[in-house]
Amino acid sequence: MSQLVDRTITALRSEHDTLAGLVRTLTDDQLAATSGAAEWTVAQVLSHLGSGAEIGRAPIARAAGETVTAEDNQTIWARWDASAPRAQAEGFLEYDGRWLDTVEALTPEQRSSLTVDLGFLPEPVPLVTALGMRLNEVANHSWDVRVAFDAHAEVDADSAAVLVDLLTGPVAFMLNFLAKPAELADPVSVAVPGAGLVIDDAVTVVDHVESPSATFNGPPEAFVRLISGRLKAPYDNGVTIDGSITLDDLRRVFPGF
């Protein structure tokens, strides 16, 4: 599990560096452009990531022994929402950088042993779970920003590979919130790149499936975007499904966030 923690932190650093490099070049008009999350502008996506970094850093820092005094979440969100687009972009750079500085400074022992009280789950979770939830947010919302300027943008391949591994274990519970299995009349098992997807009364990602009833033909990054509701036209070129269900069936199961 400690290896998965390290891989997740590495992926998060790469995501930050890539997105920060783009953000620093954006004009005010580009910040106001519609993102891949159609209800948000590019600046609003960056605000979401920045406020999430500000809020999410505190419980990890506390778990590591740092004394942290933080505003309540509603106050933080209100401050970010009231900020101008340029300030939202600059805030993302600052606060996501701080979040990364905190997790990258964790010792090997801390990376393997820390539990984090995120405040909205029933009990503290292993560090890998907190990191995995953040990677899911960052990888998908980074795509939201990049696809506004590049219709062929993809979720980072390394991030996608890590997320598939995380979905088989430490963040599997997120599928309870992301998926609507009742949209399918019958159970299915789908072979996907590097894993399997089982949809019955619930939805699970497994290491592999024997005798799948369908096959997802596409890269891991497309599977990650499927789960987050981002594998929609015109961003689904080359992705097909063979077998008992269609891509539209799977899109109904994963409406997105």
Side-chain angles (χ1 to χ4, degrees), residues 1-20 49-50 52-68 70 92 95-143 154-179 192-198 202-209 219-221 223-225 227-228 257:
M1 195 62 70
S2 60
Q3 184 183 36
L4 187 54
V5 169
D6 293 345
R7 289 173 61 209
T8 305
I9 292 173
T10 297
L12 281 158
R13 167 53 70 182
S14 179
E15 290 281 1
H16 174 86
D17 290 348
T18 297
L19 188 53
L49 287 176
E54 181 177 357
I55 291 167
R57 178 192 172 277
I60 295 174
R62 289 191 189 103
E66 181 180 335
T67 300
V68 180
F92 159 74
Y95 282 93
D96 198 51
R98 289 185 186 179
W99 188 96
L100 278 164
D101 288 344
T102 297
V103 299
E104 287 176 333
L106 296 173
T107 66
E109 180 182 2
Q110 289 172 320
R111 293 185 182 201
S112 63
S113 65
L114 282 187
T115 57
V116 182
D117 185 358
L118 296 173
F120 57 86
L121 294 176
E123 59 187 16
V125 296
L127 176 66
V128 67
T129 300
L131 298 179
M133 294 173 68
R134 179 64 180 173
L135 181 59
N136 186 63
E137 285 273 310
V138 170
N140 283 290
H141 288 309
S142 173
W143 180 86
E154 298 181 344
V155 169
D156 178 81
D158 289 338
S159 293
V162 174
L163 281 168
V164 170
D165 288 345
L166 287 163
L167 285 165
T168 66
V171 300
F173 69 93
M174 291 198 314
L175 294 166
N176 297 327
F177 306 103
L178 297 173
V192 301
L197 175 68
V198 178
V203 174
T204 53
V205 176
V206 296
D207 291 336
H208 69 281
V209 290
E221 75 85 22
F223 177 60
V224 167
R225 286 193 290 116
I227 289 174
S228 69
F257 61 85

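Heads up: numbering here begins at 1 and tracks the sequence.
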So which heavy atom on [X] is nearest to which on [Y], and how close?
| X | Y | value |
| --- | --- | --- |
| Gly196 | Val209 | CA-CG1, 4.0 Å |
| Leu106 | Arg111 | O-NE, 3.2 Å |
| Ser2 | Ser112 | CB-CB, 4.3 Å |
| Tyr95 | Gly50 | CB-O, 3.7 Å |
| Ala195 | Val205 | CB-CG1, 4.0 Å |
| Val203 | Ala179 | CG2-CB, 3.5 Å |

Point-to-point distance, once rounded to the nearest 0.5 Å, from [atom1] of [X] to [atom2] of [Y]:
| X | Y | atom1 | atom2 | result |
| --- | --- | --- | --- | --- |
| Glu154 | Ser159 | CD | OG | 12.5 Å |
| Asp207 | Asp165 | CG | CG | 8.0 Å |
| Leu114 | Arg62 | CG | CZ | 14.0 Å |
| Met174 | Glu137 | CE | CD | 8.5 Å |
| Asn136 | Thr8 | CG | OG1 | 11.5 Å |
| Leu4 | Thr168 | CG | OG1 | 8.0 Å |

Taking side chain as C-beta onward, heavy atoms only, is [X] less than 4.5 Å from [Y]?
| X | Y | result |
| --- | --- | --- |
| Ile227 | Leu175 | yes |
| Leu19 | Leu49 | yes |
| Leu12 | Val103 | no |
| His16 | Phe92 | yes |

Set of residues satisfying salt bridge (Lys or Arg N to Asp or Glu O under 4.0 Å) with respect to Arg98, sequence neighbours excluded: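 Checked Arg98 against salt bridge (Lys or Arg N to Asp or Glu O under 4.0 Å); matches are Glu94.
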
Name of the residue among Ile60, Leu100, Ile9, Asp96 meeting side-chain contact (heavy atoms from CB on, under 4.5 Å) with Arg134: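 When side-chain contact (heavy atoms from CB on, under 4.5 Å) is applied between Arg134 and each of Ile60, Leu100, Ile9, Asp96, only Asp96 qualifies.
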
Cationic N near anionic O, under 4.0 Å, Arg57 to Glu66: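 So Arg57 pairs with Glu66 through a salt bridge.
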
With a 3.5 Å cut-off and sequence neighbours excluded, list the donor-acceptor pairs that the side chains of residues 117-132 form with protein atoms.
| unit_1 | atom_1 | unit_2 | atom_2 | d |
| --- | --- | --- | --- | --- |
| Asp117 | OD1 | Gly119 | N | 3.1 |
| Thr129 | OG1 | Pro170 | O | 3.2 |

